[in-house]
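Read the numbers this way: they start at 1 and go in the same order the structure lists the ligands and their atoms.
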Amino acid sequence: MPLTARRAGPIKGRARIPGDKSISHRALLFGLLAVGESEIEGLLEGEDVLATAKACGQLGARVERKAPGSWRIAGAGLGSLLAPREAIDFGNSGTGVRLMMGLAAGHPIETVFDGDASLRSRPMRRVLDPLAKMGTEILEQAEGGRLPVRIRGARDPFPIEYESPVPSAQVKSAVLLCGLAAPGETAVIEREATRDHTERMLSYFGADVEVSKHGAHGRRVTVKGRPRLAPQKLRVPGDPSSAAFPVAAALIVRDSDLVLEGLLDNPSRTGLLTTLKEMGADIEEIARREESGETVVDLRVRGSALKGVDVPPERAPSMIDEYPVLAVIASFAEGDTIMRGLSELRVKESDRLAAVAAGLEANGVSHEIRGDDLIVHGTGRAPGGGEVKTHMDHRIAMSFLMMGLASDKPVRIDDASFVATSFPDFVPLMRSLGADIS
Ligand code: S3P
């Protein structure tokens, strides 16, 4: 499904962004682990999260959709997951598969994990290695530690202390989730702090979690095994990673004025906003409140004259999914934007560093890759006129559609179907705000 975005009027109006993807996955997983019924409001109904919902059913939960965004899950209970009869297919979702591997690894069951061509190309060893240390048997795996993977979890996983070699919330979460089934304390040390939704939700469901500082930018997270997890009522805040696209559109399209409501405001996710403000973006917080252990805000965003900035590598974990759209925004800024320390972008739904560079190239935006850094030489405008290959990657698709709303010539993407993994109503929502996408 190709799509083309063209320059039209300003982006105007009010919008509610769909539920946060990271929190939606975790809400279902914790619902699976608690005995009794958890209620979730505002669940993201993107394909990635729906795959996790289905997987929870395969492992013994009763999962029910009561109304749009409103779900009930009756958990199987920690220690009582059932062995699924068939392979669990996570589609495009790295978060779903890696977190669920952690859970299954703490149960004496055999599980086969699989996914689409993009997910089959992504590294799983980063999760399988620590889980093997905890006693999981890796029965089968494709070359290079890829999916499909068959594991047999441990009846009594060893509680370990694990220092992750990669800054990844998925790796951290997989180890902590397996550690829930272990007798004793499991600890994860991360040199760079990554998103902390697993830790927050562990506490919210009643587990004993301790977090302390580790080094300049890192953290040590400890969870006490075998807690009693009580079912909860949760409201999922709006996803800042999805909001990044309309925010980008409002900044780069002249005379725009947009209000976005109910966005998650968690410091482990706000790197893009920090960066945009440094670039001179007119972004104003107009309300703030607490919902289910997270803070949410309403933001007003207006068309802005932006300048290039230097984004430090330690900020990467707090905006890891936002670099493609930042590269697009940086094309419309005056001067160089230097994005440092992007090695993890190479192992996302696509090699995002390569996909972004190719998209900029196709649309006449001057840029370079130096090692793990991306430099966009912004000139205040983007020529456009190119076709972007999206490589089964929703964020590449949405980022370059935003470019087309402000570039001289239209921007076409080859395939918009993967947008449904994280933001099913993206195109109608953007159109309702004034975007020309057809
Ligand atoms: C996520 C963690 C990040 C992020 C992904 C969601 C999560 O991946 O890119 O979209 O929910 O834990 P890594 O932990 O591999 O960096």
Side-chain angles (χ1 to χ4, degrees), residues 18-30 43-44 46-49 51-52 90-103 115 118-119 121-130 145 162 164-177 188 190-202 218-219 221 236-237 239-245 264 266 268-272 294 313-326 341-353 355-356 372 392-396 398-399 418-419 421-423:
D20 186 72
K21 182 151 72 74
S22 293
I23 295 180
S24 293
H25 282 296
R26 287 162 174 82
L28 290 167
L29 291 177
F30 283 96
L43 188 82
L44 169 65
E47 287 167 2
D48 280 12
V49 175
T52 292
F90 277 94
N92 198 247
S93 177
T95 305
V97 77
R98 294 196 180 112
L99 268 54
M100 197 62 103
M101 275 183 185
L103 270 194
S118 155
L119 195 54
S121 74
R122 299 178 65 185
M124 294 298 146
R125 238 180 229 152
R126 49 179 56 202
V127 173
L128 295 174
D129 285 349
Y162 188 66
S164 178
V166 283
S168 164
Q170 295 175 1
V171 173
K172 169 177 66 180
S173 301
V175 174
L176 293 174
L177 290 172
V188 178
E190 44 181 10
R191 274 170 255 158
E192 312 243 8
T194 63
R195 65 191 67 193
D196 62 358
H197 309 304
T198 298
E199 297 91 302
R200 282 176 190 248
M201 218 179 274
L202 276 167
R219 275 192 301 225
V221 184
V236 181
D239 194 328
S241 301
S242 296
F245 304 108
L264 171 68
N266 171 317
S268 67
R269 298 286 298 281
T270 47
L272 178 71
E294 297 274 9
E314 63 273 12
R315 199 179 290 165
S318 67
M319 54 179 294
I320 193 66
D321 294 335
E322 283 73 78
Y323 284 102
V325 77
L326 176 61
L342 306 190
S343 58
E344 277 295 299
L345 284 200
R346 298 185 199 273
V347 291
K348 295 295 176 187
E349 285 82 332
S350 66
D351 175 343
R352 281 190 180 153
L353 204 46
V356 166
D372 291 334
M392 305 178 79
D393 189 327
H394 55 136
R395 298 204 198 276
I396 299 297
M398 290 185 274
S399 298
F418 286 87
V419 167
T421 60
S422 69
F423 202 158

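Residues passing the ring-ring contact (aromatic ring centres under 6.0 Å, His included) test with Phe90: none are found, sequence neighbours excluded. Scored by the side chain to side chain contact (heavy atoms under 4.5 Å, CB included) test, Asp129 finds Arg125 as partners (sequence neighbours excluded).
One N or O on the side chain of Asp393 and one on the backbone of Ser350 form a donor-acceptor pair closer than 3.5 Å. Between the side chain of Arg219 and the main chain of Glu190, no donor-acceptor pair closer than 3.5 Å is present.
Proximity annotation for atom 14 (O) of ligand 1: of Ala174, Ser268, Pro317, Ala169, Ala169 comes nearest, heavy atoms only.
Here His197 has no heavy atoms under 4.0 Å from ligand 1, in either its backbone or its side chain. Contacts of Arg195 with ligand 1, taken as heavy-atom pairs under 4.0 Å, involve the side chain alone.
Closest protein heavy atom to atom 15 (O) of ligand 1: Ser168 OG, 3.1 Å. For atom 8 (O) of ligand 1, the closest non-hydrogen atom of the protein is Lys348 NZ, 3.0 Å. Regarding atom 4 (C) of ligand 1, its nearest protein heavy-atom neighbour is Asp321 OD2, 3.3 Å. The shortest contact between atom 6 (C) of ligand 1 and any protein heavy atom is with Thr95 OG1, 3.2 Å.
Smallest separation of non-hydrogen atoms from Arg126 and Val171: O-CG1, 3.6 Å.
Considering backbone and side-chain atoms alike, Arg26 places an N or O below 3.5 Å from some N or O of ligand 1. Where the criterion is an N or O separation shorter than 3.5 Å, residue side chain and backbone included, Ile320 fails it with respect to ligand 1. Considering backbone and side-chain atoms alike, Glu344 places every N or O at 3.5 Å or more from each N or O of ligand 1. In terms of polar-atom proximity, Ser22 is counted as a contact of ligand 1, with an N or O under 3.5 Å from an N or O of the ligand. Some N or O of Gln170 is nearer than 3.5 Å to an N or O of ligand 1, by distance alone.
Residues Thr95 and His25 bring no donor and acceptor atom of their side chains to less than 3.5 Å of each other. Side-chain atoms of Ser168 and Arg98 include no donor-acceptor pair closer than 3.5 Å.
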Output, in order, the C-alpha distance, side-chain angles, deciding distance and verdict of salt bridge (Lys or Arg N to Asp or Glu O under 4.0 Å) for Asp20 and Arg269.
CA-CA 11 Å; Asp20 186 72; Arg269 298 286 298 281; 2.9 Å; yes
